[in-house]
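Heads up: the structure comes next, in structure tokens.
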Amino acid sequence: KASILSSNDLQKEIAASLFFSDLHKDQEHINKERKLYSEGIRRLAESKSKIQKLRTSCSTEMFWIAYHNKDDDRKILEELGATLQSFCSLSSPDIIISARNNHQKEGEIRLGICSDFLRGHTIGKLYSGMLKYLKREGFHLSLFRGPEARTDMASQNIDSYADKSIRLPQSLEAACKMIIKEEIDLLFYPDIGMSPYTYMLAMRRLAPVQATSWGHPSTTGLNTIDYFLSCESIEPCDAQSRYTEQLIQLTKLPSIYSLPHVKTASISRDRFNLPSDQCLIGIPQSLFKFHPDYDEVLEKIISRLTNTKYVLIEGLNKPQTERLKARWAAKAPRTLGNSIFLPRMPQEDYLCLLGTVDILLDPIYFGSGNTFYESMSVGTPLVTMSGDYMRGRIVTGGYKQMKLDNAPTTTKIDEYIELTVRLVENIDWRRSLKKEITSAAQKHLFNDQEAAGEIVEFIRAAVECNRKTGRLLPVEWKPCKKTSL
């Protein structure tokens, strides 16, 4: 109604045209909303209000597309990006290149990192180690955060790795000018799609080379992002076809993740008021990762097990939790009846919970990222099923990097169910696997020097190639050797 009353208000029109639910009832519900979303993009493209420009950020709801397990994500995101870019005043690459040549030091590479989540958040945990190493390698590092980005002790620590930490204004035009002024060689967006503000910035060409990675594990659909930094062990064989960006596949997971500190003495079921006489299967993930197809899987698992409970974390708000419970009441009553929902908790408690449960389940289609690292720090086995997209293959890739021969991973739903049942029923296997995981993670997963070397090699190669030729790296580019810093 507001978009009708303010027919020339672009922000309201976008809000009225683009919408997704955070949880869906079934596949039909997903298909219906995706169809309406695509129609909304077309309406925007045909809108008379196109004479306006995007001056401040607005939510496109594109974050949710990755959770649907559909094959046309790239098509939708490219249509969205092209439509919204037509509302933007795009910066000229010639101006950027001219600006950065004004005060360039000989051999210096100036990096920009743009994110609203460089704090005690999943993104901060995945990337703080990388930023520390980049600073040590002599790069000039500038951090860019949006006007509404939160700060905490972790963000202050991350700031200490940078030469500059810049808070950007609400005005997109002013923000673009501030970034261009820093004469960045490579602008890296860790998580395009998680913040409307950084998504709107990413539509513009603000540096000669622009890249993203798995902070939000989906293509951006934007022709202004040159590279997507990933890993060969988590990508399917036809991976490049899923990305608008040129896919860079390192041999290691693109993160230098520090081993979390866990107070093992505090790992106790009493701490969470959990039953002491039942096997506990933890699925402490964001509830919007629970795809409707997963309901049947959980129902089959719990139907075969006695004296077992699922342990979950409540949603972002009470209505979200109640929506999932209502879906389970209709489709998976045994799952609902055997689930314990714990309140959201501080990081220290969460790590203890990961060590308290007997096993963990990786949701199908959109699995663990940060939680994988955290669960490996306490050794709790995490059952996973490799999906068709990178976002459902991270745990499998992590196990490969850990050189874990007996990892609980599969590619089929029936085997996923069997692995879970077997782990619950076989206490000896559970205990031995926990020891193997703890040892392998410390050796091959945390503080990975080879991953650091490959990331540095990519940055230098991408910038040098752009400086010499104005082009991207060859599509077959790989790190030339295993390097460690």
Side-chain angles (χ1 to χ4, degrees), residues 62 65-66 69-82 111 113-114 123 126-127 130 186-194 198-199 202-203 205 207-256 365-367 369 386-398 400-401 448 450-466 469-483:
M62 55 87 73
I65 292 174
N69 193 46
K70 296 294 183 180
D71 292 331
D72 59 345
D73 288 6
R74 176 179 173 179
K75 179 177 181 291
I76 293 175
L77 289 167
E78 286 181 347
E79 289 175 351
L80 175 67
L111 297 181
I113 314 294
C114 185
I123 302 304
L126 287 174
Y127 290 103
M130 184 181 92
L186 189 151
L187 182 56
F188 181 68
Y189 293 89
D191 49 65
I192 295 175
M194 301 221 8
T198 56
Y199 176 60
M203 293 179 192
R205 173 62 67 175
V209 183
Q210 302 193 148
T212 189
S213 191
W214 65 340
H216 183 57
S218 171
T219 184
T220 65
L222 299 175
N223 58 14
T224 48
I225 302 299
D226 304 307
Y227 299 104
F228 192 106
L229 197 60
S230 187
C231 169
E232 59 189 13
S233 66
I234 62 177
E235 292 288 352
C237 59
D238 60 342
Q240 181 59 72
S241 66
R242 313 291 175 88
Y243 292 90
T244 306
E245 310 81 8
Q246 180 171 317
L247 184 62
I248 299 295
Q249 299 190 56
L250 306 179
T251 66
K252 295 298 193 77
L253 297 175
S255 179
I256 301 97
Y365 303 150
F366 197 117
S386 296
D388 295 331
Y389 300 90
M390 177 264 281
R391 53 185 174 260
R393 303 167 64 91
I394 293 171
V395 175
T396 298
K400 289 180 181 177
Q401 183 165 315
D448 194 316
E450 290 181 359
E454 291 188 356
I455 292 169
V456 168
E457 185 180 346
F458 159 71
I459 292 171
R460 287 178 172 154
V463 171
E464 182 180 3
C465 184
N466 176 268
T469 70
R471 299 177 180 176
L472 302 184
L473 291 167
V475 293
E476 68 277 4
W477 186 90
K478 297 280 187 182
C480 63
K481 60 183 180 298
K482 290 188 176 180
T483 53

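These figures come from a predicted structure and were not determined experimentally.
Evaluation of the ring-ring contact (aromatic ring centres under 6.0 Å, His included) rule for Y199 yields no partner, not counting sequence neighbours. With sequence neighbours excluded, the residues forming a side chain to side chain donor-acceptor pair (under 3.5 Å) with Q401 are D448, listed by chain and number. With sequence neighbours excluded, no residue satisfies salt bridge (Lys or Arg N to Asp or Glu O under 4.0 Å) with K70. In this structure A82 satisfies the side chain to side chain contact (heavy atoms under 4.5 Å, CB included) test with no other residue, sequence neighbours excluded. By the salt bridge (Lys or Arg N to Asp or Glu O under 4.0 Å) test, D72 is found to be paired with R34, residues two or more places apart in sequence or in another chain being considered. Every residue meeting the side chain to side chain contact (heavy atoms under 4.5 Å, CB included) condition with T244, not counting sequence neighbours, appears here in chain and number order: R74, E78, T219. Remark: S241 engages D238 in a side chain to side chain contact (heavy atoms under 4.5 Å, CB included) (not counting sequence neighbours). Applying the side chain to side chain contact (heavy atoms under 4.5 Å, CB included) rule to I394 yields the partners W214, I234, M390; only residues at least two apart in sequence or on another chain are considered. Taking the salt bridge (Lys or Arg N to Asp or Glu O under 4.0 Å) definition, one finds that D226 meets it with R205, sequence neighbours left out. The salt bridge (Lys or Arg N to Asp or Glu O under 4.0 Å) check on D71 picks up nothing, with sequence neighbours excluded. Judged as a side chain to side chain donor-acceptor pair (under 3.5 Å), and not counting sequence neighbours, Q246 has no contacts. When the ring-ring contact (aromatic ring centres under 6.0 Å, His included) test is applied to F366, the partners found at least two apart in sequence or on another chain are Y67.
Comment: E454 does not engage K252 in a salt bridge, judged by the lack of any side-chain N to carboxylate O separation of less than 4.0 angstrom.
T220 and E245 are linked by a side-chain donor-acceptor pair at a separation below 3.5 angstrom, with hydrogens and angles left out of the test.
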